[in-house]
Amino acid sequence: MNDFINMKSLIVLPFLLILVGSCYTVIDEDIGSVNNYIVSATLTDIDTLHTVHISQLDEMGEQSSVTDATVFIEDDQGSVYSFNYFVNGSYVYQGFFPIDSKYKLTIELEGDIIRSDWQSFASGGEMDSLAFGLSELLFVDDGGQQQSIEQVEFFLNFKTSEKYYALLDYQGIYEIISIPVEGRTEPPPICWITELSFNYLNPLIIQPKGPATVLRTDRLDTKFRKYNLFVEQYVINEQSFLYWDKQNRLRLLAGNIFDPIPFSSDGNLLSERNEQAVLGYFSLARYTRKQYVFGLNDLPFDPGFSNCELDFIADGSATSVCRDCRLLEFSADKPPLNWVEPD
């Protein structure tokens, strides 16, 4: 296993956590019949655009944006931070929140006021080195025969002297070369593919000298030559971790994309009208982002670049490794501005 040492910090991007839409939402029956609002708000300690998202459920469980609320956050020092309506139920504030204060969210609606409990920033450790390993994925093909695919695993190590809680997200940019075709004289095209952020924000407990976290797993037939991996860490307190861990487990139980999204009601938001819970959660997170840069020499395998028998086909009927990389989604013929070449 090769540890990757070359790490670079990158400008932090805004954090926006919005509930994923669905045909309908599974909620506690009593809560749903009383308070039909859903609130999502996770604020960070950086100077960025902070967002509070508010939606409303109708009797069929359909979500619609709330556009006429008054939203503000107060701290225990007497300061008030007002949020302005932006779009699609999002209320925004540009600035930062000092880590040594406590904060409470207030949402004023027609006929009701929703308030959170007081929240504080938690302390935590740092993302450290990236490492790689190999694993084997077993599956049964259409003919009933057991097959296997080798995979490369990305491990993330942490540096900390105490246990802490965090949410992780990541995004990758990789340089890929189209597979040379036998008999073709011109050089195959080279592309840079930007992956969309996964936004699952996996909740983790980070322990001192604990095992590395498996960040992601890729098949070995991904023909990248160079890779930039951006990892975001949101350090949260234990109460926030317990809430998001439960949401993550409920999401995994949802099944396929046509199933409803379960969402529990045991958050930290309360309606003053009936003194009952409101769906959602208000939390604070200390944010860091790192850029990991590596190439084929840093990986524990050599994928090789075998010739394809098929030429590049525009309709995508060839396998992905035989296609012209310029036809792939989110492809560019030049590297992005934040691209860093591996050593």
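Remember, predicted model here, so these are calculated numbers, not experimental data.
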| request: Decide yes or no for L167 and W244: does some side-chain heavy atom of the first lie under 4.5 Å from some side-chain heavy atom of the second? | output: yes
| field | Pairs satisfying side-chain hydrogen bond (donor to acceptor under 3.5 Å, both in side chains), at least one member in residues 92-102, at least two apart | value | D47-Q94
| Which is it for E74 and W118 under the side chain to side chain contact (heavy atoms under 4.5 Å, CB included) test, yes or no, and what are the steps along the way? | CA-CA 9 Å; E74 56 188 308; W118 288 98; 4.3 Å; yes
| In Å and rounded to the nearest 0.5 Å, what is the CH2 to CG distance from W339 to N228? | 4.5 Å
| D112 side chain to R273 main-chain N or O, any donor-acceptor pair under 3.5 Å? | yes
| Under 3.5 Å, side chain of S283 to main-chain N/O of S240, donor-acceptor pair present? | no
| query | Between S129 and N157, does any side-chain donor sit less than 3.5 Å from a side-chain acceptor? | reply | yes
| Do any N or O atoms from the side chain of K290 and from the backbone of M127 form a donor-acceptor pair under 3.5 angstrom? | yes
| message | Donor-acceptor pair, distance only, cut-off 3.5 Å: does the side chain of Q291 make one with the backbone of N338? | response | yes
| request: Please state whether the rings of Y227 and F294 are parallel, tilted or perpendicular, taking 30° and 60° as the class boundaries. | output: parallel
| Pair Y81 + F72: ring centers closer than 6.0 Å | no
| query | Which distance, rounded to the nearest 0.5 Å, do you find between the CG of D117 and the OH of Y281? | reply | 6.0 Å
| said: Are I205 and I236 linked, directly or through intermediate hydrophobic residues, by side-chain heavy-atom contacts shorter than 4.5 Å (ILVMFWY only)? | reply: yes
| Side chains of F154 and Y170: closer than 4.5 Å at any heavy-atom pair? | no
| Out of curiosity, L156 CG to L168 CG, how far, rounded to the nearest 0.5 Å? | 6.5 Å
| request: Give a yes-or-no answer on whether the side chains of S64 and Q56 include a donor-acceptor pair shorter than 3.5 Å. | output: no
| task | Please round to the nearest 0.5 Å and tell me the distance separating atom CD of E153 and atom CG of L215. | result | 11.0 Å
| Does a side-chain heavy-atom distance below 4.5 Å link L284 with F282? | yes
| task | Answer yes or no: is there a side-chain heavy-atom contact under 4.5 Å between V39 and V52? | result | yes
| When rounded to the nearest 0.5 angstrom, what is the spacing between NZ in K104 and CG in D76? | 10.5 Å
| request: Taking all non-hydrogen atoms of both residues into account, name the closest pair between L229 and G172 and its distance. | output: CD1-CA, 4.2 Å
| task | Please report the C-alpha distance between Y85 and V92 in whole Å, then the side-chain angles of each, then the deciding distance to 0.1 Å, and finally whether the side chain to side chain contact (heavy atoms under 4.5 Å, CB included) criterion is met. | result | CA-CA 6 Å; Y85 182 73; V92 297; over 6 Å; no
| remark: Note: W192 and D333 closest approach over all heavy atoms is CZ3-O, 3.3 Å
| T160 side chain to E162 backbone, donor-acceptor under 3.5 Å | yes
| R115: side-chain hydrogen bond (donor to acceptor under 3.5 Å, both in side chains) partners, not counting sequence neighbours | T106, E272
| request: Could you pull out all residues at least two apart from D245 that satisfy side-chain hydrogen bond (donor to acceptor under 3.5 Å, both in side chains)? | output: R249
| message | For a quick check under 3.5 Å, do S271 and Q276 share a side-chain donor-acceptor pair by atom type? | response | no
| query | Short question: side chain of N36, backbone of L57 - any donor-acceptor pair under 3.5 Å? | reply | yes
| Heavy-atom side-chain contact between I46 and F96 under 4.5 Å | no
| request: List in chain and number order the residues that pass side chain to side chain contact (heavy atoms under 4.5 Å, CB included) with E110, two or more places apart in sequence or in another chain; answer none if no residue qualifies. | output: none
| Do you know the tightest heavy-atom contact between V66 and A69? | CG1-CB, 4.2 Å
| task | Check each of L269, T70, V278, I114 against I107 using the side chain to side chain contact (heavy atoms under 4.5 Å, CB included) test, and report the only one that passes. | result | I114
| request: Identify, with sequence neighbours excluded, every residue that meets side-chain hydrogen bond (donor to acceptor under 3.5 Å, both in side chains) alongside Q146. | output: none
| query | Does some side-chain heavy atom of T51 sit less than 4.5 Å from a side-chain heavy atom of L43? | reply | no
| field | Derivation of the side chain to side chain contact (heavy atoms under 4.5 Å, CB included) call for Y164 and F158 | value | CA-CA 11 Å; Y164 71 95; F158 296 86; 3.3 Å; yes
| Taking every non-hydrogen atom, the tightest pair across G133 and F155 | N-CE1, 3.8 Å
| For P211, what residues pass the side chain to side chain contact (heavy atoms under 4.5 Å, CB included) criterion, not counting sequence neighbours? | none
| query | How about Q239 and N268: do any of their side-chain heavy atoms sit closer than 4.5 Å? | reply | no
| query | Has the side chain of D45 got a donor or acceptor atom that lies under 3.5 Å from a matching backbone atom of Y287? | reply | yes
| task | Provide the closest heavy-atom pair for A166 versus Q233 in the form atom of the first, atom of the second, distance. | result | CB-CG, 4.0 Å
| message | To the nearest 0.5 Å, what is the distance between CG on L270 and CD1 on I113? | response | 12.0 Å
| query | Under 3.5 Å, side chain of H53 to main-chain N/O of S65, donor-acceptor pair present? | reply | no
| So which heavy atom on R286 is nearest to which on S123, and how close? | NH1-CA, 3.9 Å
| task | Applying side chain to side chain contact (heavy atoms under 4.5 Å, CB included), run through E238 and K163 and close with a yes or a no. | result | CA-CA 10 Å; E238 183 177 7; K163 180 177 75 172; 5.7 Å; no
| request: Start with the C-alpha gap between N237 and Q119, add the side-chain angles, then the distance that decides, and say whether side chain to side chain donor-acceptor pair (under 3.5 Å) holds. | output: CA-CA 9 Å; N237 60 32; Q119 290 286 302; 3.2 Å; yes
| task | Answer yes if the ring centres of F83 and Y91 are under 6.0 angstrom apart, and no otherwise. | result | no
| request: Give me the ring orientation class for H50 and F97: parallel if the planes are under 30° apart, tilted from 30 to 60°, perpendicular past 60°. | output: perpendicular
| query | Between V87 and L49, is there a shared hydrophobic cluster once you connect ILVMFWY residues whose side-chain heavy atoms come closer than 4.5 Å? | reply | yes
